Amino acid sequence: MKKLINKPDDVVTEALQGLAAAHADLVRVQFNPNVIVRADAPVQGKVGLVSGGGSGHEPMHGGFVGLGMLDAACPGEVFTSPTPDQMLDATKAVNGGAGVLHIVKNYTGDVMNFEMAADLAGGENIEVEAVVIDDDVAVQDSLYTAGRRGVGTTVLAEKICGAAAEEGRSLAEVAELCRKVNANGRSMGMALTSCIVPAAGKPTFELGDDEMEIGIGIHGEPGRERVKLAPAGEIVERLTAPIVEDLPFEQGDQVLAFVNGMGGTPLIELYLVYNDLNRFLGERGITITRNLVGPYITSLEMAGCSITLLRLDDELTRLWDAPVKTAGLRWAT
Amino acid sequence: MKKLINKPDDVVTEALQGLAAAHADLVRVQFNPNVIVRADAPVQGKVGLVSGGGSGHEPMHGGFVGLGMLDAACPGEVFTSPTPDQMLDATKAVNGGAGVLHIVKNYTGDVMNFEMAADLAGGENIEVEAVVIDDDVAVQDSLYTAGRRGVGTTVLAEKICGAAAEEGRSLAEVAELCRKVNANGRSMGMALTSCIVPAAGKPTFELGDDEMEIGIGIHGEPGRERVKLAPAGEIVERLTAPIVEDLPFEQGDQVLAFVNGMGGTPLIELYLVYNDLNRFLGERGITITRNLVGPYITSLEMAGCSITLLRLDDELTRLWDAPVKTAGLRWAT
Amino acid sequence: MVDVAETEKASGRMSLGHDDVLRWIRAFAAEVEANKEQLTQLDSAIGDGDHGINMQRGMSAVLVKVDATGEESDIGALLKTVGMTLVSTVGGAGGPLYGTLFMQMGMAVSGKEELSSDDWAAALEAAVTGVQARGKAEPGDKTMIDALIPGRDALKAALAEGATFEDALRQSADAADQGMRDTVPLVARKGRASYLGERSAGHQDPGATSSHLLLEAAAETWGRPGQAR
Amino acid sequence: MVDVAETEKASGRMSLGHDDVLRWIRAFAAEVEANKEQLTQLDSAIGDGDHGINMQRGMSAVLVKVDATGEESDIGALLKTVGMTLVSTVGGAGGPLYGTLFMQMGMAVSGKEELSSDDWAAALEAAVTGVQARGKAEPGDKTMIDALIPGRDALKAALAEGATFEDALRQSADAADQGMRDTVPLVARKGRASYLGERSAGHQDPGATSSHLLLEAAAETWGRPGQAR
Ligand SMILES: Nc1ncnc2c1ncn2[C@@H]1O[C@H](COP(=O)(O)OP(=O)(O)O)[C@@H](O)[C@H]1O
Ligand SMILES: Nc1ncnc2c1ncn2[C@@H]1O[C@H](COP(=O)(O)OP(=O)(O)O)[C@@H](O)[C@H]1O
Ligand SMILES: [Mg+2]
Ligand SMILES: [Mg+2]
Ligand SMILES: [Mg+2]
Ligand SMILES: [Mg+2]
């Protein structure tokens with residue numbers, strides 16, 4: 001295991017200490033239970049936005065705490081959803097009287113822990129709504145299963161809902177918007193290499209030198225299929241065709257295209273992928289009007305990428321463009 | 001070789017096409033010879049800032065073209081300095097009548113190509129100054145050798161000089177400032193794994209599972225020494241002690257601390273490294289007043305990090321804080 | 001200190017005291033520790049490779065917690081503490097599920113200082129109900145439920161047929177073991193393994209495996225060791 | 001078409017025409033192509049592993065360029081074109097250095113349609129001077145200079161001693177070969193290899209290797225093949 005760490009058990013704590021030291025202007029970090037809170041929380045009268053999940057996906061979620069995005073993030077152990085007490089503390093810390101929205105990625109653990117936290121918050125008379133993001137088309141959707149995973153659309157939902165909350169919209173409105181983003185966003189990812197969970201010390205899965213995993217999640221969960229390595233153009237097609245078919249995205253649609261790096265893939269490759277994506281969509285009459293290219297929802301040092309498309313309308317576009325000031329995303333402020 | 005690419009020979013071109021498509025609001029990309037130019041170049045009356053170097057270090061330099069930073073970047077082949085005709089085209093494209101500064105990383109190839117370009121630009125009556133960045137303390141400095149490499153300080157110099165140019169300072173002043181940044185900045189890097197140059201198709205060097213390379217450059221050049229893997233705290237010490245001794249940085253100094261990812265190292269590890277760096281400097285009475293944590297000057301998919309310290313004064317701090325709007329760095333705009 | 005429960009057990013009459021329950025919890029923690037690698041390995045195949053790590057982190061926190069909680073005799077309170085500690089230290093799916101399991105057990109025997117075999121059966125019943133309420137899993141979904149339900153049913157059936165508590169515990173553990181093994185061919189419908197669809201078949205469910213350890217620890221602590229397998 | 005130079009060479013009288021120079025350039029391109037892997041390998045050991053790739057890219061661009069440049073007889077112009085093409089396609093250290101090498105050669109024989117052996121010596125002299133002016137390397141710095149200078153000196157000495165052009169070219173190539181080999185123990189002081197300090201010793205310099213190929217190509221094209229080594 002080759003990592004820049006000290007002890008595997010201390011990775012999350014030490015990284016949080018680093019984050020706290022680096023971004024004291026943006027966030028406060030509370031330890032045990034671990035919560036990253038916007039420096040000026042609670043913002044009175046504003047709906048508070050809380051998300052969280054396992055660590056190892058940085059900058060998500062801690063890097064998205066700040067003006068125009070999240071009010072708090074709950075970092076769990078690596079790839080392990082955080083606990084209800086973290087979420088409860090976060091919820092209390094950001095409640096400015098207008099209620100709190102929990103943005104939850106659809107993993108059994110995340111969902112159950114957030115549910116327990118919402119119950120606890122309810123007991124303290126804080127109004128909480130939860131929206132579950134489940135945008136990963138690699139997973140068969142079904143009422144009888146856990147359903148789809150939440151992946152790339154989460155980042156977009158946090159940004160867009162953060163802007164709406166900043167505008168003073170009500171909890172119900174922000175939650176509704178979050179559901180709208182989820183309804184219009186679809187993702188799929190792939191891996192060239194495995195990641196290594198520090199506490200496990202070895203790769204979660206083994207891939208041959210000429211293999212890749214298509215439809216992978218963000219925790220090294222096996223994907224939809226393991227196939228021979230292919231050129232980027234083909235990979236883009238394999239990821240994007242199911243995305244486009246699923247919603248479906250149609251000729252004339254305007255989209256936000258998000259090419260996400262899994263952590264171990266350099267930016268030069270992501271731009272190359274973006275180029276292939278741009279061509280693929282162009283051929284189908286789908287226009288990219290906004291984009292995001294970079295490692296934003298990662299899986300430790302996994303090499304690979306995911307593609308997320310979000311169908312835009314004027315409202316979503318405007319909220320995407322609104323000011324944001326976080327460690328991970330920052331513009332127009 | 002596991003990469004998200006199509007043909008090895010097309011990597012740079014296709015990544016540039018992706019960059020052009022993704023950031024049309026910020027930059028124009030010209031092909032053959034390849035140049036990335038600020039969308040509104042030339043800015044009349046402003047000193048033009050041009051840098052360049054091999055590709056594979058993204059976001060440097062193309063991701064730093066925009067308001068408050070570079071006016072143009074010349075991307076060479078992967079890890080190969082660009083050619084004089086690229087630099088000449090860039091210089092002509094950004095000359096707003098106030099002259100052009102070439103910010104050159106100290107590699108024989110970069111230096112010679114920029115020299116030839118400056119000669120050519122002189123022939124076209126464009127005033128050009130060049131400042132060579134040579135901040136890598138892993139390399140023995142000497143009059144009889146090629147001297148030190150230019151690494152992390154380059155990013156800081158581009159940002160700070162970009163702000164100064166934006167303020168309307170003269171070419172001589174901006175060049176002088178650039179030399180000041182270089183004089184006050186020191187870096188050192190390390191690698192956990194090698195990178196693979198697409199056209200070569202195999203790792204530039206081989207490292208054992210329990211080895212790391214200390215004092216590595218940004219092209220997979222071998223470093224100062226190959227040693228056994230160590231905890232992050234020790235790595236930080238091995239990188240930072242030579243940096244601190246070299247300038248030297250002293251008790252009471254205020255610094256910008258830049259923890260840079262080499263391309264394959266995830267953000268969670270960089271924040272952990274930042275935490276160790278913060279402690280190391282704190283123990284020596286050196287205060288971090290500004291910081292930058294992330295992959296900004298990379299070496300393809302190499303895992304590892306580099307640390308750069310820049311001694312700050314009020315002027316440098318103010319210019320660092322000034323607005324910047326590029327694909328890779330953006331704030332306060 | 002004379003171990004009352006030991007004496008009673010030898011005499012055939014069944015009653016678990018606070019210390020007995022504590023011994024079971026310690027035994028479970030020891031099983032988790034000993035099987036941490038295996039649980040993680042199973043979770044790597046069809047999940048995210050953290051089940052052993054998570055459960056081990058949780059159970060060591062539990063040990064610290066119960067050690068710090070000095071004199072106490074309310075078994076219900078003990079179990080609730082265990083549950084709450086798991087909820088706040090495990091995270092993932094395991095945290096709420098095992099947390100709920102112990103908390104519901106605690107509620108079922110709230111205030112009791114001694115448990116009869118029927119009390120234990122009731123506690124296990126409550127545990128399973130709680131886990132199902134929390135996780136919405138049905139038998140055959142390839143989850144811990146697939147070890148817990150056979151374990152609960154075997155215990156109830158054995159007790160109803162007049163078996164000794166020791167025998168009933170053994171049958172419960174063995175049924176859980178079988179249930180765990182039976183998860184191998186299943187296609188997961190709940191939890192992280194469900195993302196794999198058909199690819200989840202052919203692997204044993206990690207949560208069912210840890211749940212078997214839980215019931216096996218009870219059988220070994222309060223009853224008899226099982227046959228070496 | 002009768003190859004005039006071939007005829008002259010056979011007769012012992014020496015004169016290189018435009019076509020001869022072109023044959024040498026093609027031969028160098030072929031050598032670079034054939035040794036691309038080795039050059040890159042050498043550069044991986046003490047540099048950044050691109051020397052073969054860069055030179056190959058440059059020389060293929062040169063071939064395209066000279067093919068496109070139809071009828072022409074000015075050897076100086078040809079060499080300048082080669083140099084300019086290398087400058088604008090190779091990049092790195094190799095681009096300006098080999099670019100300068102050919103451009104300076106071209107200046108030295110500007111306007112000539114035939115080259116005598118002395119012209120060739122003068123061209124090589126100018127090439128070396130140009131490379132040193134551009135790169136500031138001294139002999140022993142572990143650069144291409146360490147192959148070029150012995151190659152130039154051996155050529156001059158052989159011609160001064162009245163050797164045939166063929167013999168002089170062979171001695172020049174062999175001296176470059178020796179110079180290239182002699183770079184192995186050197187500690188680099190210029191170029192990327194200098195960053196390694198002492199660690200650069202024990203490796204052959206890639207630039208010296210490609211420079212040997214350049215002079216070897218001349219000997220093979222215009223003189224005699226060397227002994228198999
Ligand atoms: N809805 C559910 N109901 C019951 N058990 C579940 C459910 N979802 C998952 N599990 C159990 O949880 C186990 C995984 O736990 P763990 O690895 O700790 O959590 P995570 O999947 O969040 O990493 C699975 O093996 C399965 O037995
Ligand atoms: N200052 C110099 N003078 C002469 N030759 C040099 C100098 N610096 C480097 N070289 C030559 O250039 C070769 C490396 O070329 P190349 O790999 O193409 O460039 P880069 O080092 O930019 O990748 C070295 O092996 C060396 O022979
Ligand atoms: Mg998990
Ligand atoms: Mg190079
Ligand atoms: Mg798991
Ligand atoms: Mg090289």
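Because the structure is a prediction, the values reported are computed rather than measured. Scope of the values below: all heavy atoms of this structure, side chains included, with no hydrogens, waters or symmetry mates. Here is the naming used below: chain letters follow the sequence lines, and residue numbers restart at 1 for every chain.
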Open item on the list: For C/Gly92, is there any backbone N or O sitting under 3.5 Å from a side-chain donor or acceptor partner on A/Ser81?
Closed with: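 Checked: pair present.
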Task: Test log, rule side-chain contact (heavy atoms from CB on, under 4.5 Å), inputs C/Val87 and A/Met116 - done: CA-CA 9 Å; C/Val87 166; A/Met116 294 179 99; 3.9 Å; yes
Over all atoms of both residues, closest heavy-atom pair of [X] and [Y]:
X        : Y        : value
A/Ala200 : C/Gly49  : CB-O, 4.5 Å
A/Glu225 : C/Arg199 : N-NH1, 3.4 Å
C/Ser194 : A/Thr145 : CB-CB, 4.5 Å
C/Val90  : A/Thr83  : N-CG2, 4.3 Å
C/Tyr195 : A/Asn106 : OH-O, 2.9 Å
A/Val78  : C/Asp50  : O-OD2, 4.5 Å

Region of [X] that comes under 4.5 Å of a non-hydrogen atom in chain A:
X        : result
C/Ala137 : neither
C/Glu138 : neither
C/Glu198 : neither
C/Ser200 : neither

Gap separating the [atom1] atom of [X] from the [atom2] atom of [Y], nearest 0.5 angstrom:
X        : Y        : atom1 : atom2 : answer
C/Arg57  : A/Asp9   : CZ    : CG    : 8.5 Å
C/Lys136 : A/Met112 : NZ    : CE    : 9.0 Å
A/Asn113 : C/Leu97  : CG    : CG    : 9.0 Å
A/Thr204 : C/Gln41  : OG1   : CD    : 10.0 Å
C/Lys190 : A/Thr108 : NZ    : OG1   : 8.0 Å
C/Ser88  : A/Leu88  : OG    : CG    : 11.5 Å

With a 4.5 angstrom heavy-atom cut-off, which part of [X] approaches chain C: side chain, backbone, both or neither?
X        : result
A/Pro82  : backbone
A/Asp85  : side chain
A/Gln140 : neither
A/Phe205 : neither

For [X], does the [atom1] atom have more than 12 heavy-atom neighbours from other residues, nucleotides or ligands under 6.0 Å away?
X        : atom1 : answer
C/Met107 : CE    : no
C/Glu37  : CD    : no
C/Asp67  : CG    : yes

- [ ] Just give me the residue among A/His219, A/Arg224, A/Glu77, A/Arg149 that pairs up with chain C most often, heavy atom to heavy atom, under 4.5 Å.
- [x]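 Looking at each option in turn, the highest pair count goes to A/Arg149.
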Task: Pair C/Arg134 + A/Glu115, salt bridge at N-O below 4.0 Å - done: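 Salt bridge flag = yes for A/Glu115 with C/Arg134.
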TODO: Just give me the residue among C/Pro96, C/Gly95, C/Gly47 that pairs up with chain A most often, heavy atom to heavy atom, under 4.5 Å.
DONE: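 Most heavy-atom pairs under 4.5 Å with chain A: C/Pro96.
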